[in-house]
Amino acid sequence: MARRPLPRILTSGSASIARSREFARTAADSATDVLQPLITVTRGLRLLAVAGRRRWVATPKERRGPMLFLGAACVLVVALIPYGPGMAVITVMGAAAWTGRERTPVRTGPDEAETGRLQSLYDALVPYFSVADDPGPLFSHGGDWEKVFSGFTFDGDGRLTRLQVTYPAYFTDGEESSRARIEQLLHAKSGRGREYRFAWDEEANQLVMTVLGPLPTSIAAQRFVTSPGETVLGFTDADAVRRTVPVRDGEETRDASPVVWRTGARSTEPHLLAVGQPGSGTTTLLRSIALQALQHGDVLVVEGSGTGEYGCLTGRAGVLAVECGLSGALAALEWAAHETERRLITANRARQAGHPAPDDIRRPLWILLDRPSALAPLAAADGRPDPQELLQVPLRHGRAAGVIVVMTDQFDCLDSLTETVRTHTRARVVLGPASHEQAESVLGVRPHTTPAAEVPAGRGYARLGTGPVLRLQVPATPDPHDDATSETHRRAVLDLLPGHETPLDADAAEPLPVPVPVPVPVPVEAIPAETVPAEEPVEAVPAGTGSLGTVPVEAVPRDTRAPEPAGRPQPAVAEG
């Protein structure tokens, strides 16, 4: 069959056809630009008409008559008022233009890069969530990720910020080792350098992974809105606790979620233990607790490292002592043990007599120890007791006596902690970079977040008793005497310190002299007769004169004068 030749217009006029098409496309684009407002209004009128018809169909038949009457009345009113029809037309055109505007299309699914990331994550989970005998596996090689990843969110960089995974019911989600493998895999595949929280729902066989934002480090030491017996250890995530307090964060005031530690007679966590690496912020935590404790109680500080981090507390009102040496620390802790016993005896006597507790035992006594394990080798070499042994009475009976013990130490000294310290310090804090094993050895359970490699000072975890593990950021409380402290933080700490205690002889011209020991009078009958010397006349000695010189009587307080021994001649006093 002979082939019929193509028409000439199709063989020789291709160039002119292309030019015609380009001209027609340009004209159409120009007309679209010119007529865009009309197109928008027309589209809006169509959408309004569709919405009105849908509303009319949805209206019950018994209500259509009143609706028609109301519409007719509105039209009549608009027609009768001046400029009513024109305003009505303008209003309808404006509503049509707003309804028919072009909207940005809503994104309904992941893009190509995000889909590839989800598929890679699905393939990595197959060896952990599948077995060979499963007839209908959720995870299989070459399977579809959409049936197991029910919820996911990406950030602007294309990295996962939230992922919900449905896993098989036979997975051993009750074993910590199985959970740890999945959490480590998701952490590595989703991007390192961030903190992830894993919430396991064993009943529904679902795992939710959430990326946690950094905790604020700009909150400095300040007066927090708390009741007596409440101490703010730091701040945590907003959804972790149900309470907020107003704080000053730089130049603004906002609400933050605190980790509140409650002490007192009804507290189940009366004592606290904080553990961390050098430079992790345990000293900052102890200093922050001391500033809050001085508001309602007395503080006794024992510093085992001897670096002088608590020099700003020396001589302040409410600070009983700041001891750095072995002898002073042992003497202070021995006094604290006796004070605890005295408070218990006084409270028991008052309770038996039916009276309220005296005021001298109501004021809390805080014993703050920074690295007491550093003093243990010195005490052993000197043949003296370990400082932790002197803490048995305050730790065992401190809750009833109003004595609170706060102790900090390092991870390498955990083995040296006594059983009493481990048993009675139910409030625990871990600061600084720490592995899951280290955190579990202190907190008792593994945190539900991945440990970060680099964290700021004062960043860690807290667990009060048997409660959940919370992320923690201690408020910035540096040493105000340190040259590296900023002026803002230095002023914040100094404003919280109480004033120095005023000495008793503040108005005297000379300092108080060293007290002279007064000999105890011995009865004459106890001395043999041959050793009693004959009485000699005693010369009159001016009052206030002794072997150390003349002491001004005005400089000696009344309640500190030693009583005159028996048999000493008293100066005569003229009567009348």
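As a basis for the values below, the full set of heavy atoms in this structure was taken, side chains included, without hydrogen atoms, waters or symmetry mates.
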Do E309 side-chain atoms and T283 backbone N/O form a donor-acceptor pair below 3.5 Å? no
Any donor-acceptor pair under 3.5 Å linking the side-chain atoms of E183 with those of W200? yes
Main chain of G191, side chain of Y196: is a donor-acceptor contact present, judged purely on distance under 3.5 Å? yes
Any side-chain heavy atom of P364 sitting closer than 4.5 Å to one from T263? no
With side-chain hydrogen bond (donor to acceptor under 3.5 Å, both in side chains) as the test, pick out the partner of Y170 among D133, N205, D134. D134
Between R223 (side chain) and L496 (backbone), is there a donor-acceptor pair under 3.5 Å? yes
Do F154 and L118 make a side-chain contact, defined as non-hydrogen atoms from C-beta onward lying under 4.5 Å apart? yes
I need the full list of side-chain hydrogen bond (donor to acceptor under 3.5 Å, both in side chains) pairs touching residues 459-480, with sequence neighbours left out, sorted by first then second residue. E195-R459, E195-R471, D237-R471, T449-Y461
State plainly whether the residues R117 and E114 are in salt-bridge range, i.e. N to O under 4.0 Å. no
Listed by chain and number, what are the side chain to side chain contact (heavy atoms under 4.5 Å, CB included) partners of R243, not counting sequence neighbours? T226, E230, V245, V260, R262
Would you say R194 and R159 make side-chain contact, with heavy atoms under 4.5 Å? yes
Can you find a heavy atom in the side chain of V406 that is under 4.5 Å from one in the side chain of W261? yes
